[in-house]
Amino acid sequence: MADLIITKAVLEDSAAALQHIHDELDHQKSDDGSLAEIYGEHDLQKAMHDFSGDWKIHRGKIRDAVGKLNESMQKSLESWTGLEKGLTDALTTENTPTGPNGGQA
């Protein structure tokens with residue numbers, strides 16, 4: 001099994017993709033009945049109307065779940081960035097001159 005490699009770029013891309021999906025779900029509209037005439041047959045019109053109503057309900061649930069996942073991804077990104085900065089700071093040493101001439105002889 002391959003190792004899972006996570007980078008800041010992967011987290012940023014994932015967060016952006018989730019935000020895009022959430023926005024798309026948020027701006028979609030369900031059929032408001034304006035297309036009923038194109039279906040012709042009454043049973044087909046009713047089936048499409050029922051599907052549209054169900055999709056509106058489930059789209060809202062999916063949108064909410066994606067929103068929560070996006071919030072978690074944003075928190076993960078913030079944690080990752082903080083961890084990365086903390087590790088970088090801990091591993092970085094300053095070159096401080098010592099002695100009267102700044103460490104030079």
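Bear in mind the structure is a predicted one, so any value in this text is a computation, not a measurement.
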K.L.:
Shared ILVMFWY cluster between Ile5 and Leu87, side chains joined below 4.5 angstrom?
P.N.:
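In one cluster with Ile5: Leu87, no.
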K.L.:
Quick one: pull up CZ in Arg59 and CD in Glu24 and give me the separation to the nearest 0.5 Å.
P.N.:
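Between atom CZ of Arg59 and atom CD of Glu24 there are 11.5 Å.
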K.L.:
To the nearest 0.5 angstrom, please state how far the CD atom of Glu41 sits from the NZ atom of Lys46.
P.N.:
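These two atoms lie 12.0 Å from each other.
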K.L.:
Please walk me through it: do Asp64 and Ile62 pass side-chain contact (heavy atoms from CB on, under 4.5 Å)?
P.N.:
CA-CA 5 Å; Asp64 293 345; Ile62 293 169; over 6 Å; no
K.L.:
Run the salt-bridge test on Lys85 and Asp89 with the 4.0 Å N-O cut-off and return the result as yes or no.
P.N.:
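Yes, Lys85 and Asp89 are salt-bridged.
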K.L.:
Lys8 and Trp80: which non-hydrogen atoms are nearest, and at how many Å?
P.N.:
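Smallest interatomic distance, heavy atoms only, reads N-NE1, 3.7 Å.
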K.L.:
Between atom CZ of Phe51 and atom NZ of Lys56, what is the distance when rounded to the nearest 0.5 Å?
P.N.:
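Reported to 0.5 Å precision, the distance equals 14.0 Å.
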K.L.:
Is Thr81 reaching over with its side chain to a backbone N or O of Leu77, donor-acceptor style, under 3.5 angstrom?
P.N.:
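A pair under 3.5 Å: yes.
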K.L.:
Say whether, by atom type as modelled, one donor and one acceptor occur between the side chain of His20 and the main chain of Ala16 under 3.5 angstrom.
P.N.:
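Checking the backbone N and O of Ala16 against the side chain of His20, no donor-acceptor pair under 3.5 Å is found.
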K.L.:
Supply the atom-to-atom distance Glu78 CD to Met73 CE, rounded to the nearest 0.5 angstrom.
P.N.:
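These two atoms lie 12.5 Å from each other.
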K.L.:
Show the numbers, then the answer: is there a side-chain contact (heavy atoms from CB on, under 4.5 Å) between Leu11 and Asp13?
P.N.:
CA-CA 5 Å; Leu11 292 174; Asp13 290 347; over 6 Å; no
K.L.:
Out of curiosity, Gln19 CD to Asn70 CG, how far, rounded to the nearest 0.5 Å?
P.N.:
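Result: 5.0 Å between the selected atoms.
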K.L.:
If you group Ile, Leu, Val, Met, Phe, Trp and Tyr by side-chain heavy-atom gaps below 4.5 Å, do Leu69 and Val10 land in one group?
P.N.:
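No; Val10 is not reachable from Leu69 via cluster members.
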K.L.:
Could you grab the distance from atom NE2 of His49 to atom NE2 of His42, nearest 0.5 Å is fine?
P.N.:
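Here the rounded value is 10.5 Å.
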K.L.:
Do Ile21 and Asp23 have side-chain heavy atoms sitting under 4.5 Å apart?
P.N.:
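Not touching, per the 4.5 Å side-chain cut-off.
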